[in-house]
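Read the structure below first, then the notes.
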Amino acid sequence: MADIAADRRALQALHQQDLADVERLFPGPAYRDVLGWIHDYRRPRNYLEIGVNLGLSFALVRPETRAIGVDPVPNLSQPVAGRIFKETSDVFFARPDLRNIVDAPVELSFIDGLHSFEQTLRDFINVERLAAPTSLIVLHDVHPFRPEVATRDRHRIFWTGDVWKTAAILKQERPDLSLTYVPASPSGMLLVTNLDPVQSSLDDRFAEIVAAWMPRTLPENTAEVVAGFARTANTEAAVCAYLSRFSDRPASA
Ligand SMILES: C[S@@+](CC[C@H](N)C(=O)[O-])C[C@H]1O[C@@H](n2cnc3c(N)ncnc32)[C@H](O)[C@@H]1O
């Protein structure tokens, strides 16, 4: 019993340290602020969120947007407007009636489910298939600030997993995508557009890509993880200016 209490105290102490580092390394607005600006700027017809948890990011959806959330164990802190599917993203994307459920093309998606790179890569592949070229996919947790928060298994309260690899894979494998990194607290986000719903190279080479990236470790200087990406500041003006470079509505809508 005493050991459990001591473990909890140690975990909390590490968490306080992580929070202090986040405050120092990621100043300014957080990822949910950025997501809110994107909703307000784009006013998407529909929205697909992978990983809902308490529903805090899901709650940013505008009243006119049809929203769908997917989470095997959602832990909603309040009622949300939209449909929540209590299942893993893989089960959701395998539904035979998927296209009817999501009313494709999906215009905006936030991927924030299971924090392993192979799962987020699969989520990306599945969302892109439902998207239009002008749709926007937002990937969370792409910039861990220390190796201890980027482990494949969770050991700390604050945890990004190895989703940073997914961002690196998209950059390496898909030069046709438009990518920008936003340094929003607590662990950065990647905005992805210029999508191609019929591109299958990531899917075709999935096993090969996963095998190549599995053994890679986080660079000692974690700034290197995002150094090669175009960057958009985490201010509303900068994010909206970036979005204004792209048409925001599929031609079919
Ligand atoms: C970090 S939380 C999401 C936080 C939320 N997006 C927000 O910003 O308020 C991650 C969520 O992903 C869910 N999750 C875990 N594995 C998943 C999977 N395979 N498919 C979809 N969601 C998953 C977890 O249950 C957890 O609620």
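Along the sequence shown, the residues carry numbers beginning at 1. Read the numbers this way: they start at 1 and go in the same order the structure lists the ligands and their atoms. Quantities reported herein were computed from a predicted structural model and do not represent experimental measurements. These values consider heavy atoms only, across backbone and side chains, with no hydrogens, waters or symmetry-generated copies.
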Minimum-distance protein heavy atom relative to [atom]:
atom                    : value
atom 8 (O) of ligand 1  : Y31 OH, 2.5 Å
atom 5 (C) of ligand 1  : S57 OG, 3.3 Å
atom 22 (N) of ligand 1 : P72 CD, 3.3 Å
atom 11 (C) of ligand 1 : D71 OD2, 3.5 Å
atom 16 (N) of ligand 1 : L114 CB, 3.5 Å
atom 10 (C) of ligand 1 : D112 O, 3.2 Å
atom 19 (N) of ligand 1 : T88 CB, 3.6 Å

For [X], atoms of ligand 1 separated by under 4.0 Å from a heavy atom:
X   : answer
N53 : 2 (S), 3 (C), 4 (C), 27 (O)
V73 : 25 (O)
V70 : 21 (C), 22 (N)

So, [X] versus [Y]: side-chain donor-acceptor pair below 3.5 Å or not?
X    : Y    : value
T232 : T180 : yes
Q119 : R122 : yes
E173 : S201 : no

Fill in: Qualifying residue, where the test is side-chain hydrogen bond (donor to acceptor under 3.5 Å, both in side chains) with H115 and the options are T151, T166, D141
D141

Discussion item. Could you go through R174 and Q199, starting from their C-alpha distance and side-chain angles, then the distance that decides it, and tell me whether this counts as side-chain contact (heavy atoms from CB on, under 4.5 Å)?
Written reply: CA-CA 10 Å; R174 291 287 305 277; Q199 234 278 12; 3.7 Å; yes

[X]: heavy atom below 4.0 Å from ligand 1, yes or no?
X    : result
F92  : no
H140 : no
L54  : no

Discussion item. For V192 and E128: C-alpha separation, side-chain torsions, deciding distance, then whether side-chain contact (heavy atoms from CB on, under 4.5 Å) applies.
Written reply: CA-CA 10 Å; V192 188; E128 187 181 30; over 6 Å; no

Worksheet item: So, do T134 and F246 sit near enough that their side-chain heavy atoms are less than 4.5 Å apart?
Response: no

Worksheet entry | Plane angle bin for F26 and H143 - parallel if under 30°, tilted between 30 and 60°, otherwise perpendicular | perpendicular

Worksheet item: Would F93 and L130 count as a side-chain contact (heavy atoms from CB on, under 4.5 Å) if you check the C-alpha gap in whole Å, the side-chain angles of each, and the deciding distance to 0.1 Å?
Response: CA-CA 10 Å; F93 288 118; L130 297 168; 3.9 Å; yes

Item to complete: Could you check which of S116, S77, S89, A59 puts a non-hydrogen atom nearest to atom 20 (N) of ligand 1?
Response: S89

Worksheet entry | Salt bridge flag under 4.0 Å for residues R156 and E148 | no

Worksheet item: Is there at least one pair of N or O atoms, one from R32 and one from ligand 1, spaced under 3.5 Å apart?
Response: yes

Discussion item. Test your reading of the structure: does G51 have an N or O sitting under 3.5 Å from an N or O of ligand 1?
Written reply: yes

